[in-house]
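One is the number of the first residue; the rest follow in order along the sequence. We count ligands from 1, going down the list as the structure has it; atoms in each ligand are counted the same way. Reckoned from all heavy atoms, side chains included, excluding hydrogens, waters and symmetry mates.
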Amino acid sequence: MKYIFVTGGVMSGLGKGITTASVGRILKNRGMTVTAVKIDPYLNIDAGTMNPAQHGEVFVLSDGSEVDLDLGNYERFLDIDLTAAHNITTGKVYREVIEKERRGDYLGDTVQIIPHITDEIKAWIARAASEPDAEGRVADVCLVEVGGTVGDIESMPFLEAVRQMRGELPREDTVLIHVTLVPEDTMGDMKTKPTQHSVKALREVGLYPDMIVGRSGHPLSPQTKRKIAAFCDVAQWAVISNTTVPDIYQVPAELEKEGLADAVVDHLRLPRREVGSEWYNTVSREFTSRVTVAIVSKYGIEDVYLSIKEALKHAGRATSTEVKIVWLDAERFEPRQLADVDGVLVPGGFGRRGIEGKIEAIRCAREGRVPFLGLCLGFQLAVVEYSRHVLGWTDACSEEIGEGRHVIAILPEQGAVEGLGGTMRLGDYPVDLQDGTRVRALYGRDRIVERHRHRYEVAPEEIPALVGAGIIFSGTCGDRMEVMELGDHPFFLATQFHPEFRSRPARPSPPFVGFVRACREKRQADQVI
Ligand code: GLN
């Protein structure tokens, strides 16, 4: 097993996750099997209980684990399926060690951060790295991204574990890439001091980077590279420029141009293989039309719905359509905001805030024959909207939201649930698609598997009336309603599951493809008029 450790300097939000995923991609383009581990030094056991406005989207894996959004980047860039073991948090590590201590596994030892916590971290990394993929293959290379910024107190045990691994393994089995910010001053001069300081902080904990990736608005000049090389004690060819590009899927090409792949491959003594072009063909489509999609949500931050944004991009590429997203604040929604919009998307969410605006947006889309895609909460609210305005049940609502006729009710098994962490209906469940429906045509299959994250469902006792009034529940999991669609509408589809989590650049998610295609048709029809 070869390990590529990635640390971050200067500040968070540098695109370390995208850089890590891109390094993996360029190795994969050379025929290697690659896996990835994300370390999050916070105390939460997992991302499931965290407010997405603080840390971004909670990504859901097939096994039902709720993880950091970077695992979504890894899955999309590397086209692999990961498991809970690939997101290590301080919470998980300490829980494991404390449980061992209580069991008496340490036999009288004083349990300490070094060696007990660091041993646990090392064992965890090795375990995740060697976990076979769906085809039973173990990866050649494992990327390990250490979240946070060097110098943070909470990342110290993880950096120490990395230091130990670097010492214990042969030199050619590990490489350390430090991702840092290279800002420009008001005169446009690139400043290397923050990078120098962050490398100094890294050295203080015994870590010496082999390569430095400088994130910047413009490509690093040769002088800047020379300076970083001199002050940070790396070769000049090992200073890599990673400029901000309009599309994250172009980052592997940028790093390739900078020679990062050859540098990594040579350092790890892996064979220099020919570069496959499949990825580059997938991500470099030409657009023949452009649509605008409104996402109605209570969050103003795009990272909260990162996977939806990416799934729209994947579907856009598949249909040669550039998808522009406008974010509409659900609490201030007004129908006139949909005037220039080709489609409406209501994503997942929790709680009451902004609910009425979302319902109103769904009504506008249904009555105005604007393509609509509802996801999870968006599915539930589409049922509520239809109940209120078509069935005339003016008090229809979801049990999560308030009093009234609960057309959306708590899942029966949720009654016994204690605590909020990891207790929803999570991860993969099969969904049977009904013949002759839109969703069946989109997937081209009778049975699909998609990822879930919810506590509520369509109330079973209300289903006959809803169906009688025209809702088509075209996808089900046993007695549970999973997909709804409307017949007399250009495109009105909503899913209880989250199709966005499985969407990949080369395998766009069918509901998204159908939605973008419908938006495109609407745009073309509008232009003719
Ligand atoms: N809040 C809803 C539920 O728990 C929807 C969840 C979601 O959109 N992920 O069922």
J.: Do other residues, nucleotides or ligands put more than 12 heavy atoms under 6.0 Å from Glu99 CD?
T.: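 Result for CD/Glu99: enclosed.
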J.: Kindly compute the distance separating CD (Glu145) from CD1 (Ile18), expressed to the nearest 0.5 Å.
T.: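 The CD atom of Glu145 sits 9.5 Å away from the CD1 atom of Ile18.
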J.: Say whether Arg425 and ligand 1 are in contact under the criterion: heavy-atom distance to a ligand atom below 4.0 Å.
T.: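 No, Arg425 has no heavy atoms under 4.0 Å from ligand 1.
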J.: Looking at atom 2 (C) of ligand 1, what's its closest protein heavy atom, distance included?
T.: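 I find the closest protein heavy atom is Glu400 OE1, 3.3 Å.
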J.: Say whether Asn44 and Thr89, considering side chains only, have a donor N or O and an acceptor N or O under 3.5 Å apart.
T.: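 Short answer, no.
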J.: Checking the N or O distance criterion of under 3.5 Å, is ligand 1 in contact with Gly351?
T.: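 No - when backbone and side-chain N and O of Gly351 are compared with those of ligand 1, no distance drops under 3.5 Å.
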J.: Quick check on Asp340: does its CG atom have over 12 non-hydrogen neighbours (other residues, nucleotides or ligands) under 6.0 Å away?
T.: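 No, the 6.0 Å shell around CG holds no more than 12 heavy atoms from other groups.
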J.: Where does His498 meet ligand 1, judged by heavy-atom distances below 4.0 Å: at the side chain, the backbone, both, or neither?
T.: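 For His498, only side-chain atoms sit under 4.0 Å from ligand 1.
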J.: Tell me, which protein residue and heavy-atom name are nearest atom 9 (N) of ligand 1, and how many Å apart are they?
T.: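 Protein heavy atom at minimum distance: Arg453 O, 2.9 Å.
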J.: Look up atom CD in Glu413 and atom CZ in Arg425, then write down how far apart they are to the nearest 0.5 Å.
T.: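 Answer for the CD-CZ pair, Glu413 versus Arg425, is 7.0 Å.
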J.: Which option wins on minimum heavy-atom distance to atom 10 (O) of ligand 1: Phe350, Tyr456, Phe497?
T.: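 Among Phe350, Tyr456, Phe497, the closest heavy atom to atom 10 (O) of ligand 1 comes from Tyr456.
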J.: In the protein, what heavy atom is nearest to atom 7 (C) of ligand 1, and what distance, to one decimal place, separates them?
T.: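 So the nearest neighbour among protein heavy atoms is Cys376 SG, 2.9 Å.
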J.: More than 12 non-hydrogen atoms from neighbouring residues, nucleotides or ligands closer than 6.0 Å to CZ on Arg352, yes or no?
T.: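 Open.
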J.: Which residue and non-hydrogen atom of the protein lie closest to atom 8 (O) of ligand 1, and at what distance in Å?
T.: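 Of the protein heavy atoms, Gly349 N, 2.9 Å lies nearest.
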J.: Below 4.5 Å, heavy atoms only, C-beta onward: do Thr35 and His86 meet side chain to side chain?
T.: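 Yes, at least one pair of side-chain atoms sits under 4.5 Å.
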J.: Could you list the atoms of ligand 1 found under 4.0 angstrom from a heavy atom of Gly348?
T.: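 Contacts of ligand 1 toward Gly348, numbered from 1: 8 (O).
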J.: Quick check for you: to the nearest 0.5 Å, what is the distance between Cys364 atom SG and Arg336 atom CZ?
T.: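 It comes to 12.0 Å.
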J.: Judged by non-hydrogen atoms, does Glu457 sit under 4.0 Å from ligand 1?
T.: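 Flag not set, Glu457 not near ligand 1.
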J.: Which residue holds the protein heavy atom closest to atom 4 (O) of ligand 1, what is that atom called, and what is the gap in Å?
T.: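 Nearest protein contact, heavy atoms only, for atom 4 (O) of ligand 1 is Arg455 N, 2.9 Å.
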